[in-house]
Visitor: 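Take this structure first; my questions come after.
When a ligand or atom number is given, it counts from 1 through the structure's own listing order.
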Amino acid sequence: MTSHGLRAAALLVGISALAAQAFAQEPTTPPDPPKFPAQSQPVFVGISDIMEYRALPQYQEPDWVTEKFVKAGKLPPLSERLPKEPLVFKSGNMPDGVGVYGDVMRHVIGGRPEGWNYIAGQSQGWGGIDIGMMECLTRLGPLFEVKADELKPMPNLAKSWEWSKDGHQLIMHLVEGAKWSDGVPFTSEDVMFYWDDAVVDPNVSPLNGATPDTFGGKDTKLEALDKYTIRWTFKDAFPEQFLYQMAYGTFCPGPAHMLKPKHPKYNKDMTYDQFKNAFPPEYMNWPVMGAWVPVEYRPDDIIVLRRNPYYWKVDDKGNQLPYLNEVHYKLSTWADRDVQAVAGTGDFSNLEQPENYVESLKKAADPNAPARLAFGARTIGYTLYPNLSANGWGSPDKRAEAIRQLNRNLDFRKAITYALDRQRLGEALVKGPFTAIYPGGLYAGSAYYDKASTVYYPYSVETAKAELEKAGLKDTDGNGIVNFPADTPGVGGQDVQIVLLINGDYQTDKSLAEGIIAMMERIGLRVVLDVQNSNTDQALLQGGKFDWAVWRNSEELATALKFTERLAPIGPQSTWTRRAGTDGTLDLLPFEEDMVKTVNAFTASRDSNERKELMKKYQKLYTENLWGIGLTQYPGALIVNKRFANIPLGTPIFLFNWAEDSIIRERVYVPKDKQKDYELFAETLPGKPGDKGPMK
Ligand code: BQZ
């Protein structure tokens, strides 16, 4: 090429670089979400308005339990089944007051049960089944209706606690005399088995990912002082934050009397895999602390649960809860859950897939519709997580290794975010004021959100292409897909191909993925899908087996209070999208180091203004550096059959937990005149662990 040609080319490049510069969209703050007021507001109260622990002068149970079981000597009297001081729900806080016994809540779920060993990582199928069976030290779901200045975790299996003077120790008192549904006492042995032999034991990964990092890391100690008292010891002083992590999904003990004999530490003939799979879904009458016990399981059809006769909660008239005798989980799809709820063949749904909004709204608008549908705030959000680990997490091959190196390049991440037309991604899900442009990080509308601290890279294909070039990627073989630089180990010169992990059980995940594939192709990136299901998706994510993953955010980005440890890789296992490599270390980028410092300072601080400032800093670090790349944010709607009473006003489908927890199902009831004959095992109770069905 002649020098003139070279100059012309340089000029052109200069010009294209300049033109690109000219085209470069500057980062800005995100546009305000379209107005979408929640359809009903909670009645804000204090925790002491909702519940207390107290012995009552007398207790009641369904008459048939007394007649057919107690008087028949098949069950001890209620007073012997209840703890010294049961948890008492105050009728003053019950929207429809004290309830009556009877009827069924018919759930429909999209997951499938793997077995009952939750603390070893088995899923029961989601959709509220584990939330209803597992009880945890503290509780968060109902906090959506607690006044901001009284916001703190609710007591549950831990009925009270106090900090030592220096704040490094926390003494917790368990509900004395509470029993598992098979009558075996619940004691500190169950708590210590969960801590020592599930959370701390590196060979066991509890479902919902509890690790020592969830509670302050390896310096945190837990010990039993006696049957009903446990003591935590923490490195930092007064880390009140951890009380939020002692709730659902990360501190819900399993029955030690069932699990210990199957754990390799106590039974040398067992392997950890055998321990995990020791109680398959066919194993009925699995002991729980929750309100209902599984008594019937028909694969791909239904799981039926019957009331727990040892349930340790009552209303303030002394009626043992729950009011509902039976709960069903029909094994179907998440989309079918919406359809059945608005049709009245199911009783409950978290309407969370925008594709179903218009149809569901139309059906629910009919005054004779069987179900009530109410939208809450925008607490559902999706994020694209690039895998930033370059030290072996998830044992990547050469191609995946090269992708992670690219993911660690900010210009590359900028190219991704600039190429995302979030308006169109949202509209592809549902038209109208539902979806909002979500750059990532804390949600607009959440307590710690600050718009000025939120960096948004507006949609611009030109700028995206320029960023891709800055990241050293060009289409060297002219097929429209950029190529790895020639010297890239193992894949030099090949097309850049990225594998995107999604949960195929949700149409929303698939719609977003299709949009991402098309928008990335436009700038020369080939994205292919790894479609998983509700059980496998989470395991692959936590195992690091992804280049990119589309993930429906957990609670930390809506509250900053729950799962705070997931806000940044504060420990080797604290987050689900960024874990330690094969050598056990985290290869953090400088901005990630700052995020870790900021989140640790937030956890250690007891000053609400300082905590606000720290979350502003966190939001800036997250959104400017694109730790996660936000996709869309939208409100969900709670759909509940109109025959149910005591559904709290303004319950969001998701905030501190899912609505299956937030509505306090154990105090939900159906007035006598509205009760339906849906019970499949009327007037039966759970049998002994392992029995084929309920006890008649
Ligand atoms: C709600 C929830 C109750 C898990 C699950 C499921 C798993 C994820 C997530 C939601 C389902 C429902 O969500 O979609 O509305 O009923 O169960 O647990 O998506 O695949 O791993 O995090 O909670």
Visitor: List the closest protein heavy-atom neighbour of atom 23 (O) of ligand 1: residue, atom name, distance to the nearest 0.1 Å.
Guide: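 Of the protein heavy atoms, W658 NE1, 3.1 Å lies nearest.
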Visitor: Taking the six-membered ring for Trp and the single ring otherwise, decide whether the centroids of W576 and W551 are under 6.0 Å apart.
Guide: yes
Visitor: Any idea which protein heavy atom is nearest atom 16 (O) of ligand 1, and the distance to it?
Guide: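 Protein heavy atom with the smallest distance to atom 16 (O) of ligand 1: E660 OE2, 2.5 Å.
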Visitor: I need the single residue from Y244, F251, Y194 that forms a ring-ring contact (aromatic ring centres under 6.0 Å, His included) with F215. Which is it?
Guide: F251
Visitor: Give me the residue, atom name and distance of the protein heavy atom closest to atom 17 (O) of ligand 1.
Guide: G127 N, 2.9 Å
Visitor: Considering W126, Y506, F654, which one's heavy-atom position lies nearest to atom 19 (O) of ligand 1?
Guide: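 The residue whose heavy atom sits nearest atom 19 (O) of ligand 1 is Y506.
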Visitor: Looking only at the aromatic ring of each residue, does the gap between the centers of F434 and F375 stay below 6.0 angstrom?
Guide: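 Between F434 and F375, which both carry aromatic rings, the centre distance is below 6.0 Å.
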Visitor: With a cut-off of 4.0 Å, which atoms of ligand 1 are near a heavy atom of N350?
Guide: 1 (C), 10 (C), 15 (O), 16 (O)
Visitor: Looking only at protein heavy atoms, identify the closest one to atom 21 (O) of ligand 1 and say how far it is in Å.
Guide: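 That would be Q538 NE2, 2.5 Å.
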Visitor: May I ask you to check whether N350 and E660 show a side-chain donor-acceptor distance below 3.5 Å?
Guide: yes
Visitor: Side chains of E114 and S123: any donor to acceptor distance under 3.5 Å?
Guide: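 S123 vs E114: no donor-acceptor pair found between side chains.
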Visitor: At what distance is the nearest protein heavy atom to atom 5 (C) of ligand 1, and which residue and atom is it?
Guide: R552 NH2, 3.7 Å
Visitor: Could you say whether the N/O atoms of W576 and ligand 1 ever approach to under 3.5 Å?
Guide: no
Visitor: For W334, counting its heavy atoms only, list the atoms of ligand 1 lying under 4.0 Å from any of them.
Guide: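 Here the atoms of ligand 1 in question are 11 (C), 12 (C), 17 (O).
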Visitor: Could you see which bit of Q532 sits under 4.0 Å from ligand 1, with heavy atoms only: side chain, backbone, both or neither?
Guide: neither
Visitor: Is there a side-chain contact between K545 and S395, using heavy atoms and a 4.5 Å cut-off?
Guide: yes
Visitor: Is a side-chain donor-acceptor pair under 3.5 Å present for E135 with Y311?
Guide: yes
Visitor: Which of the numbered atoms in ligand 1 are below 4.0 angstrom from a heavy atom of S534?
Guide: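 Going through ligand 1 atom by atom, the ones under 4.0 Å from S534 are 20 (O).
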Visitor: Between N535 and ligand 1, which residue portion shows a heavy-atom distance shorter than 4.0 Å: side chain, backbone, both, or neither?
Guide: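 Answer for N535: neither.
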Visitor: Can you tell me which residue and heavy atom of the protein come closest to atom 10 (C) of ligand 1, and the distance to 0.1 Å?
Guide: E352 OE1, 3.5 Å
Visitor: For D537, is the nearest heavy atom under 4.0 Å from an atom of ligand 1?
Guide: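 Outside the 4.0 Å threshold, so no.
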Visitor: Would you say K676 has more than 12 foreign heavy atoms packed within less than 6.0 Å of its NZ?
Guide: no
Visitor: Numbering the atoms of ligand 1 from 1, which are under 4.0 Å from a heavy atom of N503?
Guide: 20 (O)
Visitor: Would you find a donor on one side and an acceptor on the other, under 3.5 Å apart, between the side chain of Y669 and the backbone of D96?
Guide: yes
Visitor: Would you say the ring centers of Y443 and Y438 fall short of 6.0 Å from each other?
Guide: yes
Visitor: Looking only at distances, can you tell me whether any N or O atom of N208, backbone or side chain, sits closer than 3.5 Å to an N or O atom of ligand 1?
Guide: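 N208 vs ligand 1: no N/O contact under 3.5 Å.
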